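All of these numbers come straight from a predicted model, not from anything done at the bench.
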Amino acid sequence: MVCWSSTKLMNICIAALCKGQRLEKAEAVLIDGIRLGVLPDVVTYNTLIGAYCRFVSIDAGYSIIHRMREAGINPDVISFNSLIACATRKCLLSRSLDLFEEMVQIGIIPDACSYNNLMHCFFKLGKPDEANRVFQDILNRNFSPCSATFNIMINGLCKNGYTNNALMLFRNLQRHGFVPHITTYNILINGLCKARRLGTARRILKELGESGHRPNAITYSTILKCCFRSRQFELGLEVLSEMRSEGYMFDGFGYCTAIAAMVKTGRMIEANECMNQMMKNGIIPDLVTYNTLINLYCKERKFDDAFKLLDEIEKRGMECDKYTHTIIIDGLCKSGYVEEAQRHLDYMNSMGFGYNLVAFNCIIDGLCKAGYIDHAMKLFKSMEIKDSFTYTSLMHNLCKARRFRCASKLMLSCLKGGIDVLKSTRRAVLDGLRHSGFVSEARKLQSKIRLARLLR
DNA sequence: CTAGGGTTAG
């Protein structure tokens, strides 16, 4: 007799192969099993559904439903839950709803997990009311909601702009004895950060520490990213030192964010410390990490160190990307080596990289700063594509050289091309015109700027 | 089933 345990054994084997993305091998094991008289059961097919959904497509997953039926096995709630979860994850939301309905219609009773999926789907559809209805349903039917239910709810509320309700739900749950998991904290912190409520986010972070959980890499990268995005570098660095004094570690992503922000704010000593700490923690640099470090060295004019890293990239069999080259070009410009920067741009082109607008902008700025504004204007005229950086850079430097009418002309072509410029540049051009006697020209330009902004 | 994310220019 073929015993139950051989099917179970086969399932374990198939599950392991599926996990390693070896679907063909898994199918081969199944065929072998059937030939030897080991019959697949609902677990076997559910494993395959999960794997096909994840690695191939939802349709491939769904086709297993047909195969099961042909083999005389009915799909169960787990089969459908995997399909629905997969559809939701891939944002095929109407598909999720159809699958849910199909499941109910063939008489399968949804479980807590099905309802969680449904809520998640409604939130992604931007229908928080529908999601809330499902949530109330879960509570009313005494489905004993698990922490995932609450997490999906809190996350969904945040993502749909109801950060306050999310916070209230969180507090309510706590009052009822719910102990938040690290995931719950992270969801809430992310929501608060995105809503620019940094103060509250920090309070929740503090509570997280007091709760006995430790903030993980996700927690900190969420907070840091948010501080730096809103240009609150001081606060970000404060969080960073808080984290350090607590003995927390970054992953490679976190270090890159932190080092880049320090370089941008001119905190070179701290950036170097951060880099050393990263090395000590055994983070193996990837290309983005190298780019970040090369940027640090270039901005410190340590070109020897920068080129050492370039060698290291090659030695490890990696290839520099457009970021690497742009960083070098900008570094050379900022150190006054504009000719070398231009040579490097030519070299980059010969390597088959496409048009590099950022690099051109760096060189335009570099030429201006080195006093070659006419040279910069010539290059500007030859450029195929320009953006607000190109114009802002030129106009700002023209103003510095007191060539306000030329800057004014550029401003007009910005308005015509629908290119936005910095407020400070607008101010510099207008004030410059006024103070150098071109009052009526300034007035005309100002009204054109107003008109353009109204039409936008 | 639920959470985040890295690098360049004004």
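Residue Thr222(A) is in sugar-phosphate contact alone, with no base atom involved, counting any heavy-atom pair closer than 4.0 Å across all strands shown. Nucleic acid contact for Ser82(A): none, since no nucleic acid atom lies under 4.0 Å from a heavy atom of the residue. Looking at heavy-atom distances under 4.0 Å, Lys194(A) makes contact with sugar-phosphate atoms alone, never a base. Nucleic acid contact class of Asp286(A) (heavy atoms, under 4.0 Å, all strands): base. Among the protein residues, Lys264(A) comes within range of the sugar-phosphate backbone only, with heavy atoms under 4.0 Å from sugar or phosphate atoms but none that close to a base. No contact: His396(A) has no heavy atom under 4.0 Å from any strand. Using a 4.0 Å heavy-atom distance criterion, Ser388(A) is classed as a base contact. Residue Ala148(A) is classed as a base contact, given a heavy-atom separation below 4.0 Å to a base.
The separation between Met153(A) atom CE and dA3(B) atom P is 15 Å, rounded to whole Å. Distance Leu357(A) CG to dA9(B) P: 13 Å, rounded to the nearest Å. Going from atom CG of Asn295(A) over to atom P of dG6(B) covers 16 Å, rounded to whole Å. Rounded to an integer number of Å, the gap from Met262(A) CE to dT7(B) P is 14 Å. To the nearest angstrom, C1' of dT2(B) lies 10 Å from CD1 of Ile154(A). Regarding Arg89(A), its CZ atom lies at a distance of 10 Å from the P atom of dA3(B), rounded to whole Å. Between the P atom of dT7(B) and the NE2 atom of His325(A) lies a distance of 19 Å, rounded to the nearest Å. Asn186(A) places its CG atom 9 Å from the P atom of dG4(B), with the value rounded to the nearest Å.
For Phe170(A) and Tyr185(A), the ring centers are positioned less than 6.0 Å apart. For Tyr391(A) and Phe380(A), the ring centers sit closer than 6.0 Å to each other.
For Val358(A), whose side chain is taken as the heavy atoms from C-beta onward, the closest listed nucleotide among dG6(B), dC1(B), dA9(B) is dA9(B). Side-chain proximity of Ile218(A) to the nucleotides dC1(B), dT7(B), dG4(B) is greatest for dG4(B). Across dG10(B), dA3(B), dT7(B), the shortest atom-to-atom separation from the side chain of Asn155(A) is found for dA3(B). When distances run from any side-chain atom of Lys225(A) to the nucleotides dG4(B), dG6(B), dG10(B), the shortest one goes to dG6(B). With dG10(B), dT8(B), dA3(B) as the candidates, the nucleotide lying closest to the side chain of Ile327(A) is dT8(B).
On a pure distance criterion of 3.5 Å, a polar donor-acceptor pair joins the side chain of Thr326(A) and the base of dT8(B). Not a single donor-acceptor pair, N or O on each side, falls under 3.5 Å between the base of dG10(B) and the side chain of Ser424(A). Counting atom types as modelled, Asp251(A) pairs a side-chain N or O with a base atom of dG5(B) as donor and acceptor under 3.5 Å. In this model, no side-chain donor or acceptor of Ser393(A) finds a partner on the base of dG10(B) within 3.5 Å. Between the base of dC1(B) and the side chain of Asn117(A) there is no donor-acceptor pair shorter than 3.5 Å.
At distances below 3.5 Å, not a single donor-acceptor pair connects side-chain atoms of Lys90(A) with backbone N or O atoms of Ser57(A).
Side chain to side chain, Ser211(A) and His213(A) fail the donor-acceptor criterion of an N or O pair below 3.5 Å.
In terms of phosphate contacts, Lys334(A) brings a side-chain nitrogen or oxygen within less than 4.0 Å of OP1 or OP2 of dG10(B). Between Lys322(A) and dA9(B) there is no side-chain N or O to OP1 or OP2 distance below 4.0 Å. Considering only side-chain N and O atoms, Asn81(A) lies nowhere under 4.0 angstrom from the phosphate OP1 or OP2 of dC1(B). Contact check, Lys299(A) against dA9(B): a side-chain N or O comes under 4.0 Å of OP1 or OP2. Close to dG4(B), at under 4.0 Å from its OP1 or OP2, lies a side-chain N or O of Lys159(A).
In this structure, Ser114(A) OG and Met119(A) CE are separated by 12.5 Å, a value rounded to the nearest 0.5 Å.
Checked against Asn361(A) for a side-chain contact (heavy atoms from CB on, under 4.5 Å), the options Thr390(A), Thr326(A), Ile329(A) give a single hit: Thr390(A). Checked options Glu339(A), Gln342(A), His344(A), His375(A); the residue passing with Ile363(A) is Gln342(A) (criterion: side-chain contact (heavy atoms from CB on, under 4.5 Å)).
Centre separation under 5.5 Å together with a plane angle under 30° holds for the ring of Tyr323(A) and the six-membered base ring of dT7(B), marking them as stacked.
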